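Read through the structure below, which is laid out as structure tokens, and then see the notes.
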Amino acid sequence: MTLRSFTGNPAAREPKMNDADEAPYPSKAEVLQAEYAHEWDIWREVRPNGRHGDWVAETLPDVPDHQLLRAKTIDGLAAQLREATS
């Protein structure tokens, strides 16, 4: 590894966050988790190679009719949850 010497404004070398990281509002996944927290456990699958897989929603243990939903996107999972709970 090579170390570089920086000159000038120290703030210029600090990493910058992207706009999504600076957003003052929750992500779609966080909104979905909050909306369905009373009946569903929602998470993102992690494959053995460490890459993200499907979004998964599973009913909580105390919910009478067990269901497991899977979708490639959080929007797809949201649509399945709306259908399952209507």
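Note that this is a predicted model, so its numbers are computed, not measured.
A pairwise comparison of heavy atoms in G76 and A71 identifies C-CB, 3.7 Å as the closest pair. L77 and A57 get closest at one heavy-atom pair: CD1-CB, 3.9 Å. Here the closest non-hydrogen pair linking E30 and P26 is OE1-CA, 3.1 Å.
Two residues are said to be in side-chain contact when any heavy atoms from C-beta on lie closer than 4.5 Å; R51 and V46 fail this criterion. Using a 4.5 Å cut-off on side-chain heavy atoms (C-beta onward), Q67 and W40 make contact. A heavy-atom distance below 4.5 Å is found between the side chains of W43 and E58.
Around the CG atom of D62, the shell of radius 6.0 Å holds more than 12 heavy atoms that belong to other residues, nucleotides or ligands.
Here the OH atom belonging to Y36 is positioned 4.0 Å from the OG1 atom belonging to T85, to the nearest 0.5 angstrom. Rounded to the nearest 0.5 Å, atoms CD (Q80) and CG (L69) are 5.0 Å apart. In this structure, the separation between NE2 on H52 and NZ on K72 is 13.5 Å, given to the nearest 0.5 Å.
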Point to revise | Chi angles and distances behind the side chain to side chain contact (heavy atoms under 4.5 Å, CB included) call for R70, V56 | key: CA-CA 5 Å; R70 302 178 79 82; V56 181; 3.8 Å; yes

Practice item. Evaluate the side chain to side chain contact (heavy atoms under 4.5 Å, CB included) criterion for residues W55 and L32: first the C-alpha distance (whole Å), next the side-chain angles of each, then the deciding distance (0.1 Å), finally the verdict. Key: CA-CA 11 Å; W55 282 97; L32 203 61; over 6 Å; no

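Linking Ile, Leu, Val, Met, Phe, Trp and Tyr residues whenever their side-chain heavy atoms come within less than 4.5 Å places L81 and I74 in a single cluster.
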